[in-house]
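The residues of the chain are indexed from 1 along the displayed sequence. Heavy-atom basis, side chains included; hydrogens, waters and symmetry copies ignored.
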Amino acid sequence: MQHINKRTAISAAILAALCVTSAIAQGNNDISSSSTDYKPSGYILPSISRMSPDTRLGTDKNATGGSLRFGAPVSPNVDLQFGLQYGRSTDGSNRYEQMTLGLDGVYLFSRSRFRPLVLVGVGAQRDQVTTSSSKVNATSPFVGAGVGFQFAFNDQWGMQLDARRNYAFLQGNNFASKRSNTDIVSLGLMYTFDKSPQRAARVVQVPVDVVPPSPVVAQSPAPQPPIIVVAPPAPAPVAMPAPAKFERITLSASKLFDFDSAVLRTPMPKLDEVADSLVKYPDVGNIMISGYTDRLGSDAYNQVLSQKRADAVKSYMVNRGVTANRMTATGKGESNPMVNCTEKNIAKLRDCLEPNRRVEIEQITIERQVR
């Protein structure tokens, strides 16, 4: 087998330099926010590989093989990967085989779409050389280290390229040497099992029939409800000495939906009050019902959930007697965020994004005439 030469070592050094340079250049600038948030979800990583075993094992020809690894994030910057790797080469009647079972700790410099990484690992390695007249094998512990990168295509699919060197401490007397080095380059396709979960919306409680509306009081986390936007028409002339005044009514968001659900809870007294007011004043039209989410989760999932919730509120209002053509339901997903966050720590990221899981009180209005 042909041993990896100085050119291979230089290539590995260049790869490491590119990884470090990219980590500095990337900083906290995510390429795609829906793909770049830290997601505590496991993934599978099947790979193809090319390895160069130590010539002290009695072979001088590179081996082709593959691996199957399972990974899981344990922090915003660290993954654990566990798996099996196999490589084999033949030279006439001679054959070399290597199999490893190991656990790697992977440090990611970023959770953006492009993620430079370094890794260290431990495990067990089995080497076997078969000739026409003999078979020599040994199972030994090994340690390894390497560099590489991951690239996320979208929320669930990505790739990983890494180059590493394993140091095996050969056991027994099957091989002349007590130590061997194996250089391995692997290219794999990543599939993440779960997308980012939808986070609970901030709960707000706002009194009804108060002028002006009371401040919103933050409660415990709740689902992300739609925002009901009622745009009143221009006030009609009122036959009274003084101009008519209007009262703004706001709704509490905490009582509308369960987590990750578009089914309205019942009973819904606050929403009933809004519907009754609209029935009482049929001249109020152009009523906009809008749903919002934060950016955790995919764009498509957030868009669908926000639209379903807006439609559910509209249907409820229709069932309470509000004419359907007076209302428009729109899902706006994660658009119009109030804050943009780049925190890497998942707890700090959730706290930072809390204002985006909101009810915009100034847009949730119903006007009715008061004297």
Side-chain angles (χ1 to χ4, degrees), residues 1-4 8-9 11-12 15-16 19 42-74 78-91 94-108 115-130 135-151 157-172 174-175 177 179-193:
M1 294 184 177
Q2 183 179 0
H3 184 58
I4 289 183
T8 304
S11 298
L15 176 60
C19 290
Y43 55 88
I44 189 171
L45 179 62
S47 306
I48 58 174
S49 60
R50 186 74 169 170
M51 67 173 62
S52 177
D54 200 320
T55 56
R56 287 175 287 195
L57 295 177
T59 179
D60 61 357
K61 189 173 182 181
N62 290 335
T64 300
S67 65
L68 181 62
R69 286 176 276 183
F70 296 89
V74 295
V78 178
D79 286 7
L80 290 181
Q81 294 181 355
F82 175 80
L84 182 72
Q85 179 152 342
Y86 175 79
R88 182 178 71 176
S89 66
T90 57
D91 186 6
N94 299 332
R95 184 175 71 227
Y96 170 74
E97 297 174 88
Q98 183 185 101
M99 180 180 293
T100 63
L101 181 66
L103 176 67
D104 293 336
V106 182
Y107 182 84
L108 299 161
R115 310 164 187 169
L117 61 87
V118 295
L119 61 87
V120 294
V122 295
Q125 171 179 313
R126 179 175 177 81
D127 299 285
Q128 179 171 297
V129 176
T130 304
K135 178 185 292 185
V136 180
N137 60 67
T139 301
S140 316
F142 78 86
V143 296
V147 296
F149 67 86
Q150 294 178 356
F151 185 85
W157 292 98
M159 60 165 286
Q160 178 172 314
L161 175 66
D162 58 77
R164 65 185 296 157
R165 169 166 286 191
N166 289 343
Y167 297 85
F169 306 94
L170 300 181
Q171 305 293 302
N174 293 338
F175 292 98
S177 174
R179 178 174 62 86
S180 72
N181 305 329
T182 304
D183 295 312
I184 305 172
V185 177
S186 299
L187 175 63
L189 184 65
M190 296 176 58
Y191 176 78
T192 302
F193 296 122

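Contact record, Ser140 with Phe169: CB-O, 3.1 Å, taken as the closest heavy-atom pair. Here the shortest heavy-atom pairing between Gln81 and Gln160 reads NE2-OE1, 2.9 Å. Nearest heavy-atom pair across Ser180 and Leu170 is OG-CD2, 4.0 Å. Considering every non-hydrogen atom in both Ser49 and Ile184, the closest pair reads CB-CG2, 4.1 Å. The minimum heavy-atom distance between Gly188 and Ser47, with the atom names listed, is CA-OG, 3.2 Å. Here the closest heavy-atom approach between residue Arg164 and residue Gly144 is recorded as NH2-CA, 4.1 Å.
Here OG of Ser186 is found 5.0 Å from CZ of Arg69. Values are rounded to the nearest 0.5 Å. Atoms OG and CG, from Ser67 and Leu101 in turn, are 12.0 Å apart once rounded to the nearest 0.5 Å. Within the model, atoms CG of Leu161 and CG of Leu117 stand 9.0 Å from one another, a figure rounded to the nearest 0.5 Å. In this structure, the separation between OG1 on Thr182 and CD on Gln125 is 4.5 Å, given to the nearest 0.5 Å. If you take OG1 on Thr100 and CG on Leu84, they are separated by 6.5 Å, rounding to the nearest 0.5 Å. The CE atom of Met99 sits 12.0 Å away from the CG atom of Asn137 when rounded to the nearest 0.5 Å.
Between Phe149 and Met159, the closest side-chain pair of non-hydrogen atoms falls below 4.5 Å. Between Ile44 and Phe193 there is a side-chain heavy-atom pair separated by less than 4.5 Å. Counting only heavy atoms from C-beta outward, the side chains of Gln128 and Val136 never approach each other to under 4.5 Å. Phe142 is not listed as a side-chain neighbour of Tyr167, based on a closest heavy-atom distance of 4.5 Å or more.
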Next item on the list: Begin with the C-alpha distance, continue with both residues' side-chain angles, and end with the deciding distance and a verdict on side chain to side chain contact (heavy atoms under 4.5 Å, CB included) for Asp127 and Tyr96.
Entry: CA-CA 8 Å; Asp127 299 285; Tyr96 170 74; 2.6 Å; yes
Margin query: Under the criterion side chain to side chain donor-acceptor pair (under 3.5 Å), I'd like the reasoning laid out for Thr139 against Arg126: C-alpha separation, chi angles, the key distance, then a yes or no.
Written below: CA-CA 4 Å; Thr139 301; Arg126 179 175 177 81; 3.1 Å; yes
Next item on the list: Apply the test side chain to side chain donor-acceptor pair (under 3.5 Å) to residues Arg50 and Thr64: give CA-CA distance (whole Å), side-chain angles for both, the deciding distance (0.1 Å), then the verdict.
Entry: CA-CA 5 Å; Arg50 186 74 169 170; Thr64 300; 2.4 Å; yes
